[in-house]
Number of protein chains: 2
Amino acid sequence: MRIGELAARAGTTTRTLRYYEARGLLPARRSGNGYRSYDEGDLRLLRQIRTLQDFGFDLEETRPFVECLRAGHPEGDSCPASLAVYRRKLDELDALIGELAAVRAKVGEQLARAESARERLAAEAEVPGGPEPECELGGAGL
Amino acid sequence: MRIGELAARAGTTTRTLRYYEARGLLPARRSGNGYRSYDEGDLRLLRQIRTLQDFGFDLEETRPFVECLRAGHPEGDSCPASLAVYRRKLDELDALIGELAAVRAKVGEQLARAESARERLAAEAEVPGGPEPECELGGAGL
DNA sequence: CTAATCCTTGACCCCGACGTCAAGGAAAGA
DNA sequence: TCTTTCCTTGACGTCGGGGTCAAGGATTAG
């Protein structure tokens, strides 16, 4: 199978396949006319790469899985190196999710604070002779 | 205050300040010799930008906050446009955290599956005359 | 024969937020 | 005066994962 067909069957582009080859991730045999030649095994490797990419793994992280398959193992994650990548990824995800949750909490806090400040101002505008802005109750200094 | 001092006081670099100016985010007055000249107000704007950047806001998203402060409001989030950015950010964060949690779950699942597969193989190796690999019990076909 | 696809390599473009280097002017201390 | 340090602008590099030409060779359909 040539590059166009493999790309189509994997739902990707020829550019992507050449890029993978340039990275040494998915080298191709060549037929007599210089065209790249792939087989079903290559399709399998490619699908492994794409699946992990969809999970947010970067290209280098997919390498152990690809090499594992190429070594004849039944699955890309049949090798210890692949499992190590899984574990590292889980740690990264946990850390990232934790950070994002913390940011989310802070932003939510800021929004609530800013909204209530606006409500206060609106209420004061409603009652013109009403409450004067009391010092040091909500103003961060200049 | 000149660019180096402002950068130092905000814990950033002169390159960053020139970049912000080029983006129209933090324009600078100029003193007679052509040097950029900043005041305490600029430091405040800069700190607002940096705080939001630390939260993962991109530069354009900080613009409403900066303009709000420059318009004389007490806080960068005293304006509706800033609140809108907060809300949009919360939605983005929720979506992202959700996606990451889903990926985390899938990766965790894959890891568990791959680990148990390895344990099975190890157990079979322990008992040489033991269980033959039973077809269609765990093998995704080639 | 010619046109239409497919293939090849090479090379530049994109995004965001700067880092880094270069060439030269200005200010400040010894 | 000399040296060091700070300032100016301009321009290119970085990173990841490719997109998008361009020029030319191979193959196939009509």
Side-chain angles (χ1 to χ4, degrees), chain A residues 1-39 42 45-66 85 88-89 92-93 96 100 103, chain B residues 1-39 42 45-66 85 88-89 92-93 96 100 103:
Chain A
M1 143 177 51
R2 294 181 305 184
I3 194 171
E5 185 181 347
L6 178 60
R9 288 181 63 184
T12 183
T13 67
T14 61
R15 176 69 179 92
T16 295
L17 297 188
R18 293 195 190 97
Y19 179 67
Y20 291 172
E21 183 175 13
R23 304 276 85 198
L25 202 59
L26 191 63
R29 267 80 44 197
R30 300 295 178 124
S31 48
N33 53 16
Y35 287 12
R36 290 173 178 81
S37 175
Y38 303 91
D39 59 20
D42 292 318
L45 300 185
L46 180 52
R47 288 195 166 135
Q48 173 76 80
I49 297 171
R50 301 263 65 182
T51 300
L52 295 173
Q53 284 269 88
D54 289 346
F55 282 175
F57 288 54
D58 53 51
L59 269 189
E60 279 313 306
E61 290 175 325
T62 73
R63 198 179 292 273
F65 295 81
V66 174
V85 173
R88 193 155 43 76
K89 207 67 192 177
E92 284 177 22
L93 284 168
L96 182 54
L100 290 176
V103 168
Chain B
M1 167 176 27
R2 295 180 305 184
I3 194 171
E5 186 183 345
L6 178 61
R9 289 181 63 183
T12 183
T13 68
T14 60
R15 178 69 181 92
T16 296
L17 298 188
R18 293 195 191 97
Y19 178 68
Y20 290 173
E21 182 175 13
R23 303 276 87 198
L25 201 59
L26 191 64
R29 267 82 40 196
R30 299 298 178 122
S31 49
N33 53 15
Y35 286 12
R36 289 174 178 81
S37 175
Y38 302 91
D39 58 20
D42 292 318
L45 300 184
L46 179 52
R47 287 196 166 134
Q48 173 75 81
I49 296 172
R50 301 263 58 174
T51 299
L52 295 174
Q53 284 270 90
D54 290 345
F55 282 175
F57 287 54
D58 52 52
L59 269 191
E60 280 312 309
E61 289 176 325
T62 72
R63 198 180 290 275
F65 295 80
V66 175
V85 173
R88 193 153 44 76
K89 209 66 191 177
E92 284 176 22
L93 283 168
L96 182 54
L100 290 176
V103 168

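Because the structure is predicted, anything quoted here is derived from the model rather than measured. To find a chain, count down the sequence lines: A is the first, B the second, and so on, and within it residues start at 1. All heavy atoms count here, side chains included; hydrogens, waters and symmetry mates do not.
In this structure, the CZ atom of Arg30(B) is 10 Å from the C1' atom of dC7(D), given to the nearest Å. Rounded to a whole Å, the OH atom of Tyr19(A) is 11 Å from the P atom of dC15(D). Summarising the geometry, the separation between CG on Leu17(A) and P on dC7(C) is reported as 10 Å, rounded to the nearest angstrom. Between Tyr20(B) atom OH and dG16(C) atom C1' there is a gap of 11 Å when expressed in whole angstrom units. In this structure, Arg50(A) places its CZ atom 9 Å from C1' of dG18(D), rounding to the nearest Å. Per the geometry, CG belonging to Leu46(B) stands 14 Å off C1' belonging to dA17(C), to the nearest Å. Here the C1' atom of nucleotide dG17(D) and the CD atom of Glu61(A) are 14 Å apart, to the nearest Å. In this entry the distance linking CZ of Arg2(A) with P of dT5(C) reads 14 Å, nearest Å.
As judged by a 4.0 angstrom heavy-atom cut-off over every strand, Arg23(A) is placed among residues making no nucleic acid contact.
A donor-acceptor pair under 3.5 Å links the side-chain atoms of Asp42(B) to the main chain of Asp39(B), judged by distance alone.
Ion pairing between Glu92(A) and Lys89(A) holds under the 4.0 Å rule for side-chain N and carboxylate O.
When each of Glu5(B) and Glu60(A) is assigned the nucleotide of DNA chain D bearing its nearest heavy atom, the one mapping closer to the 5' terminus is Glu5(B). Each of Gly4(A) and Leu59(B) has a nearest nucleotide on DNA chain C; the 5'-most of these lies closest to Gly4(A).
Distances shorter than 4.0 Å separate none of the side-chain N or O atoms of Arg15(B) from OP1 or OP2 on dT14(D). Side-chain N/O atoms of Thr14(A) include none lying less than 4.0 angstrom from OP1 or OP2 on dC6(C). Contact annotation: Asn33(A) side-chain N/O to dC7(C) OP1/OP2 distance is not under 4.0 Å. Within the 4.0 Å cut-off from OP1 or OP2 of dG16(D), not a single side-chain nitrogen or oxygen of Gln53(A) is found. Using a 4.0 Å cut-off, some side-chain N or O of Thr16(A) falls inside it from OP1 or OP2 of dG19(D). OP1 or OP2 of dT8(D) has at least one side-chain nitrogen or oxygen of Arg36(B) nearer than 4.0 Å.
Counting non-hydrogen atoms of neighbouring residues, nucleotides and ligands closer than 6.0 angstrom, the CZ atom of Arg88(A) exceeds 12 such neighbours.
To the nearest 0.5 angstrom, Thr14(B) atom OG1 is 12.0 Å from Arg2(B) atom CZ. The distance from atom CG of Leu6(B) to atom CZ of Arg36(B), rounded to the nearest 0.5 Å, is 11.5 Å.
Among the nucleotides dC18(C), dG19(D), dC6(D), the one closest to the side chain of Thr13(A) is dG19(D). For Ile3(A), the side-chain atoms get nearest to dT8(C) when compared with the rest of dG16(D), dT8(C), dA17(C).
Under the side-chain contact (heavy atoms from CB on, under 4.5 Å) test applied with Tyr20(B), the options Leu46(B), Val66(B), Thr12(B) reduce to a single match, Leu46(B).
With hydrogens and angles left out, the side chain of Tyr35(A) and the base of dG25(D) share a donor-acceptor pair within 3.5 Å. Within 3.5 Å, no donor on the side chain of Arg18(A) pairs with an acceptor on the base of dT8(C), nor the reverse.
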